[in-house]
Each structure stands twice: as structure tokens, then as C-alpha cells.
Amino acid sequence: MVSPACQSEKDLQARGKPDTVRAMNETLRQWRFNLGLSIEKAAEIAGVSTTQWFNWEARGVVPFPRNAKRVADIIGKAPSEIWPTAVDV
């Protein structure tokens, strides 16, 4: 059996997850690119580790509410606009 982390994009597409993940990734990535920031600098601005930022941007991981609110405030959006499964605090 393949672990969830190793599933192919085709498998995820069949379950409808890539569009949501892609939207989350794109919001964070676009904000970062527009300001010419590296992942390291974006993480520093948000007060999180580089690994955390990478997981949000590249893997579609939803952050804890406290971090989601902080990043959303920095970007100028509600947490649920970036991470559809997040709860606005």
C-alpha cells in the first residue's frame, strides 16, 4: 500500500485534492514572488521556520490557526481565503 505522502498526482486528482492544494500553493507563492522573497525570507517575516513555510507552499499543509492568522494578516487575506479548510480566527 502506498502511503499518503507518496500518492501520485493522478490519484490525488481523482479525489479532487490537487485543485485545493494548488490554490493554497499559488496564493502563498504568488505573494512571495510579487515581493521577490525567498522561502527563507517569507518564513522569517511570518515568524515560522523555513520548513513550515515550505510545507504550506509546496505540500499544501494547513497551518495551526495562530500561524494561519499571522500569515493571512501579512498577506492581507482571511485564513480561509488561503487555506479553504482553515477556520478564521
Side-chain angles (χ1 to χ4, degrees):
M1 181 172 175
V2 177
S3 72
C6 297
Q7 291 176 332
S8 71
E9 186 169 330
K10 184 178 179 182
D11 293 337
L12 291 173
Q13 284 174 343
R15 294 190 340 217
K17 292 193 177 187
D19 290 337
T20 301
V21 170
R22 202 170 291 121
M24 292 185 295
N25 298 1
E26 191 56 34
T27 300
L28 294 175
R29 189 175 297 121
Q30 194 62 48
W31 173 81
R32 190 170 59 79
F33 284 165
N34 287 345
L35 295 177
L37 301 175
S38 65
I39 287 178
E40 292 81 5
K41 188 63 178 173
E44 181 184 323
I45 290 169
V48 299
S49 72
T50 301
T51 301
Q52 282 178 304
W53 188 277
F54 177 81
N55 285 336
W56 301 338
E57 187 177 302
R59 294 191 173 125
V61 172
V62 177
F64 289 114
R66 176 183 66 219
N67 290 334
K69 173 138 178 50
R70 185 177 6 186
V71 171
D73 287 346
I74 292 167
I75 292 176
K77 295 183 177 269
S80 61
E81 290 179 278
I82 303 169
W83 299 281
T85 59
V87 176
D88 290 338
V89 247

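Only heavy atoms go into these numbers, but all of them, side chains included; no hydrogens, no water, no symmetry mates.
When every heavy atom of A43 is checked against every heavy atom of S49, the shortest pair comes out as CB-O, 3.6 Å. Pairing each heavy atom of A72 with each of P79, the nearest pair is CB-N, 3.5 Å. The two residues N67 and P63 have their closest heavy-atom pair at CB-CB, 4.0 Å.
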Step by step, would you call W56 with I82 a side-chain contact (heavy atoms from CB on, under 4.5 Å)?
-> CA-CA 10 Å; W56 301 338; I82 303 169; over 6 Å; no

Given V71 and L28, is the side-chain contact (heavy atoms from CB on, under 4.5 Å) satisfied, shown in steps?
-> CA-CA 9 Å; V71 171; L28 294 175; 3.9 Å; yes

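Contacts classified as ring-ring contact (aromatic ring centres under 6.0 Å, His included) and involving residues 27-47 (residues at least two apart or in different chains) are given here: W31-W53. Judged as a side-chain hydrogen bond (donor to acceptor under 3.5 Å, both in side chains), the pairs with a partner in residues 35-47 (not counting sequence neighbours) are, in order, S38-E40, K41-E44.
Residues satisfying the salt bridge (Lys or Arg N to Asp or Glu O under 4.0 Å) test with K77, not counting sequence neighbours, are none. Listed by chain and residue number, I39, A58, R59 satisfy the side-chain contact (heavy atoms from CB on, under 4.5 Å) test with F54 (two or more places apart in sequence, or in another chain). Annotation: salt bridge (Lys or Arg N to Asp or Glu O under 4.0 Å) contacts of R70 (sequence neighbours excluded): none.
Within the model, atoms CD of Q30 and CG of L35 stand 10.0 Å from one another, a figure rounded to the nearest 0.5 Å. Within the model, atoms OG1 of T27 and CD1 of I75 stand 7.5 Å from one another, a figure rounded to the nearest 0.5 Å. The structure places NZ of K69 at 10.5 Å from CD1 of I74, a figure rounded to the nearest 0.5 Å. Note that CD of E26 and CD of E57 are 9.0 Å apart. Values are rounded to the nearest 0.5 Å.
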